[in-house]
Protein chains: 4
Amino acid sequence: MTDESKPIPTRVSDPQLVEQRRRQIVKAAVDLFVEKGFHKTTTREIAKASGLGIGTLYEYVHSKEDVLYLVCAYIHGEMKQRLDDVMGGKERGRELLVASVRHFFACVDDLQDYVLLIYQETKSLPPDQLKLVLRQEEEITHLFVNILERGRADGSLSLAADSVKLFAHNIVILGQMWTFRRWALRRDYTLEQYTEKQTSLLLQEICPSPLRTGHEKGEF
Amino acid sequence: MTDESKPIPTRVSDPQLVEQRRRQIVKAAVDLFVEKGFHKTTTREIAKASGLGIGTLYEYVHSKEDVLYLVCAYIHGEMKQRLDDVMGGKERGRELLVASVRHFFACVDDLQDYVLLIYQETKSLPPDQLKLVLRQEEEITHLFVNILERGRADGSLSLAADSVKLFAHNIVILGQMWTFRRWALRRDYTLEQYTEKQTSLLLQEICPSPLRTGHEKGEF
Amino acid sequence: MTDESKPIPTRVSDPQLVEQRRRQIVKAAVDLFVEKGFHKTTTREIAKASGLGIGTLYEYVHSKEDVLYLVCAYIHGEMKQRLDDVMGGKERGRELLVASVRHFFACVDDLQDYVLLIYQETKSLPPDQLKLVLRQEEEITHLFVNILERGRADGSLSLAADSVKLFAHNIVILGQMWTFRRWALRRDYTLEQYTEKQTSLLLQEICPSPLRTGHEKGEF
Amino acid sequence: MTDESKPIPTRVSDPQLVEQRRRQIVKAAVDLFVEKGFHKTTTREIAKASGLGIGTLYEYVHSKEDVLYLVCAYIHGEMKQRLDDVMGGKERGRELLVASVRHFFACVDDLQDYVLLIYQETKSLPPDQLKLVLRQEEEITHLFVNILERGRADGSLSLAADSVKLFAHNIVILGQMWTFRRWALRRDYTLEQYTEKQTSLLLQEICPSPLRTGHEKGEF
DNA sequence: CATGAATGAGGTTTCATTCAT
DNA sequence: GATGAATGAAACCTCATTCAT
């Protein structure tokens with residue numbers, strides 16, 4: 001579930017070596033893709049930046065698209081890993097939500113180029129791998145579903161059952177929007193301001209009552 | 001506002017003919033780009049689908065990227081045109097907002113492939129044209145800024161001044177999300193349901209009081 | 001003999017108009033060819049610089065190579081015309097030679113770009129037209145043959161009969177060398193110096209005796 | 001002197017292989033350029049005639065112009081190599097001059113198509129490479145400068161100091177003229193006759209006295 | 001007679017991938 | 001297991017020429 005449930009075949013047998021070399025490849029490719037886009041990046045550039053020969057690259061990967069998939073998986077892995085840090089908290093749903101939104105937004109800011117990359121290049125994946133990437137995307141959304149459910153369970157959040165998923169999507173997309181529309185948002189808001197305002201708006205939608213309790217200090 | 005402000009040079013002098021041929025080109029290219037992506041579409045495919053020879057194509061366009069720009073401009077044009085139909089209403093801000101959100105979401109649904117295209121291929125534009133496309137994107141956001149301001153002015157909407165822009169962006173991104181995440185949302189919601197729920201959530205954030213008035217009828 | 005003994009066919013009947021239009025074309029093409037070379041100049045550039053539509057250009061010319069031929073013919077015409085001014089003198093052969101060499105070198109300097117053009121692009125002509133151009137080139141050489149013969153006849157020049165043609169070629173090539181090797185010669189000599197030195201060397205080869213008579217004043 | 005001083009970059013690392021492949025390329029290209037000219041020769045023709053795939057060609061060369069440069073350098077190399085054979089003699093300047101002129105003319109005859117090629121296609125080189133080719137051309141001229149200086153030093157030649165360079169240029173151009181104007185010269189002279197006559201004329205210009213000594217035997 | 005839109009063959013160059021070493 | 005030279009399909013784009021108006 002959490003690992004690369006689609007083991008890309010290799011001509012190399014030692015799995016540890018495969019792991020290591022692929023890390024090299026992904027590290028190099030991610031930056032190249034961010035800088036020039038998937039299509040304008042050549043396999044030779046990837047090989048060179050990986051410190052591998054082009055022939056060696058193809059020992060660990062079957063096609064350029066495999067590299068893209070590896071990159072997407074890596075990015076989701078990074079994101080998931082960072083999110084898992086906070087998601088496991090013991091607070092009530094509502095406090096957890098606030099904390100996790102803040103954390104999520106910070107992650108998106110941190111990985112903004114990567115987030116953008118996923119949205120822009122994902123369509124170049126072959127259908128099978130595309131499906132896997134979308135599933136990973138969905139897992140992230142599901143993290144928020146869980147948090148929202150906890151809030152509904154402990155009464156700290158008031159939200160119709162059939163709106164939970166949607167709300168989770170909203171959270172995710174509002175986070176990603178920070179990168180999609182950074183050309184506009186950055187002119188008007190800092191990440192801090194952005195996070196605070198969005199959190200405030202979100203809470204208005206789902207706080208039982210009274211609104212804005214506990215946030216007067218502007219700590220988020 | 002209506003002028004393209006970046007007249008792509010042509011080798012053909014008759015402006016009417018240019019207009020017509022470019023329409024052909026865009027009509028053909030849009031679908032190809034949607035289907036295969038910008039990079040995997042060849043200029044010859046565009047020419048053939050346009051009913052033009054490859055040489056003729058290049059009489060009306062200087063590069064493949066010009067076609068992409070034309071396509072982006074066309075898409076924004078379509079979007080703007082449809083939106084302008086409704087945005088001019090005389091209602092109070094709040095009613096206008098509800099109507100325009102509904103309309104906007106419908107447009108996004110209508111043009112979903114196009115909206116996706118813009119997000120995915122825009123980065124392949126040369127910097128100058130990229131800037132123009134972003135400006136057009138911003139204009140759409142601004143439509144909602146205007147509506148929100150009207151609502152603030154007539155007292156039908158309650159929203160901090162420095163949140164107006166952000167809220168407008170939220171509306172837009174929530175609309176576009178219908179296409180970005182259709183692989184997930186379609187499984188759980190129809191456009192109707194999606195629109196109603198999102199509108200409801202949005203209103204909760206900015207309705208002066210009391211909440212949820214007038215929605216019981218399910219009119220949106 | 002002196003006119004374009006190969007009348008390029010036209011779709012236009014009025015000969016005066018043909019003449020005029022072709023003058024336009026040649027005037028424009030010569031400079032373009034000099035600047036960018038024959039192959040890198042497009043017919044459309046020629047048409048535009050001629051003040052004609054591309055279609056009109058082809059009313060007066062059958063191919064791009066025709067234009068090149070016209071240009072070569074024009075250049076030779078220019079050269080011939082200037083040379084004829086002096087060649088008709090009544091002096092003794094020797095004085096006439098000195099004067100005509102000086103004049104020829106000055107012409108070459110004047111038309112240096114054109115002279116270069118002939119040497120560099122002539123090979124792009126179709127065989128028939130190439131032959132005509134070479135014949136014109138030969139005519140120039142023949143001017144000097146005539147002068148040398150006069151000098152032999154009147155005793156002012158001493159030169160073996162079977163060296164006359166060669167010597168004429170030498171004169172021509174030494175003149176053209178001023179343009180071929182201008183990147184080297186210009187660093188060391190002015191046209192004046194170049195002319196004087198070359199004349200002096202040439203005369204040493206063919207003056208009966210004593211050497212260097214009458215040129216001490218350095219007037220050439 | 002022997003180094004190419006402008007190493008064209010390659011995608012291939014083994015310098016020996018590069019050397020070998022480029023020899024193949026040049027060998028093929030030279031003849032094609034001679035036959036059809038630079039512009040009318042296609043890169044694919046060059047590749048095929050080299051026995052390489054088009055892709056392979058571009059592993060060793062960055063552009064068609066690079067091929068032209070390689071060809072020019074090769075031609076100059078050939079010329080220089082042949083000339084160096086004789087230039088190193090121990091004779092007096094005058095005898096050396098006669099021998100080297102004869103040798104040079106023979107070389108030009110031998111490489112006539114190549115010499116022509118240089119004059120006609122050199123202008124298609126990018127500026128930097130053009131400069132290098134002109135420098136190589138100048139080096140050839142300089143060989144004769146050296147010989148003339150030796151003759152001046154040992155008293156076997158009489159020539160003003162400031163005419164040395166010019167005279168060297170004259171020798172070179174008279175040699176090259178054998179190819180430029182072969183369409184005319186071949187009709188009247190064999191290479192032997194041409195060489196003898198030109199040598200005789202040249203010597204008249206710079207032999208201290210008495211003129212025409214030692215040529216009666218027709219030894220050159 | 002003038003025009004210029006239309007055409008498509010063909011040019012140069014790139015690049016993902018393979019396979020012998 | 002590592003390498004990189006070889007490959008050729010295919011990409012983008014140009015341009016001489018024609019022909020209907």
Side-chain angles (χ1 to χ4, degrees), chain A residues 10-14 17-18 21 39-48 51-67, chain B residues 10-14 17-18 21 39-48 51-67, chain C residues 10-14 17-18 21 39-48 51-67, chain D residues 10-14 17-18 21 39-48 51-67:
Chain A
T10 316
R11 229 175 269 110
V12 176
S13 53
D14 176 5
L17 187 55
V18 171
R21 291 276 184 266
H39 287 285
K40 295 214 171 156
T41 301
T42 69
T43 51
R44 285 217 270 245
E45 285 172 314
I46 297 170
K48 172 168 283 181
L52 303 174
I54 180 67
T56 312
L57 177 70
Y58 274 86
E59 294 281 314
Y60 296 94
V61 136
H62 266 32
S63 68
K64 198 185 167 189
E65 272 135 10
D66 272 0
V67 177
Chain B
T10 318
R11 224 171 267 110
V12 175
S13 47
D14 176 9
L17 186 57
V18 171
R21 290 276 182 268
H39 287 285
K40 295 215 171 156
T41 302
T42 69
T43 50
R44 274 207 268 255
E45 285 172 316
I46 297 171
K48 174 167 286 183
L52 303 175
I54 181 65
T56 311
L57 176 69
Y58 276 89
E59 293 280 304
Y60 294 94
V61 137
H62 265 37
S63 67
K64 199 184 166 190
E65 273 144 6
D66 272 359
V67 177
Chain C
T10 316
R11 228 175 271 109
V12 177
S13 51
D14 176 4
L17 186 56
V18 171
R21 290 276 185 264
H39 287 285
K40 296 214 171 155
T41 301
T42 68
T43 51
R44 284 215 270 242
E45 286 172 313
I46 297 171
K48 171 169 286 182
L52 302 175
I54 181 65
T56 312
L57 177 69
Y58 273 85
E59 294 281 315
Y60 295 95
V61 133
H62 265 31
S63 69
K64 199 185 166 191
E65 273 134 10
D66 273 359
V67 177
Chain D
T10 316
R11 222 171 267 111
V12 175
S13 47
D14 176 10
L17 186 56
V18 170
R21 290 275 182 269
H39 287 286
K40 294 214 172 156
T41 302
T42 69
T43 51
R44 275 204 269 255
E45 285 171 316
I46 297 171
K48 175 167 286 182
L52 302 174
I54 182 65
T56 312
L57 175 69
Y58 275 88
E59 293 280 304
Y60 294 94
V61 135
H62 264 36
S63 67
K64 198 184 167 192
E65 273 146 5
D66 273 359
V67 177

Interatomic spacing from CD1 in A:Ile54 to OG1 in A:Thr42 - rounded to 0.5 Å: 7.5 Å
4.5 Å side-chain heavy-atom contact, B:Arg21 and B:Val12: no
Bracket notation of DNA chain F in which parentheses pair within the strand, [ ] cross earlier pairs, and | pairs with another strand (Watson-Crick or G-U, under 3.5 Å): .||||||||||||||||||||
Gap between atoms CG and P, on D:Asp14 and F:dA2 respectively (whole Å): 22 Å
Side chain to side chain donor-acceptor pair (under 3.5 Å) partners of C:Thr10, counting only residues at least two apart: C:Arg22
pair D:Tyr58-D:Thr43: side-chain heavy atoms closer than 4.5 Å: yes
For B:Lys40, side chain to side chain donor-acceptor pair (under 3.5 Å) partners two or more places apart: A:Glu65
Rounded distance in Å - CG (A:Leu57) to P (F:dT3): 11 Å
Under 3.5 Å donor-acceptor, C:Lys64 side chain and C:Thr41 backbone: yes
Annotated protein contacts, base or backbone, on nucleotides 15-21 of chain F with a non-hydrogen cut-off under 4.0 Å, one of B, S, - each: BBBB---
Contacts of type salt bridge (Lys or Arg N to Asp or Glu O under 4.0 Å), residue D:Glu59, not counting sequence neighbours: A:Arg44, D:Arg11
Whole-Å distance separating the NZ atom of A:Lys48 from the P atom of E:dA16: 14 Å
Contact under 4.0 Å: A:Tyr60 side-chain N or O vs F:dA2 OP1/OP2: yes
Which residue lies more 5' along DNA chain F, comparing D:Leu52 with A:Val12 via nearest heavy atoms: A:Val12
All side chain to side chain donor-acceptor pair (under 3.5 Å) counterparts of C:His39, not counting sequence neighbours: C:Ser124
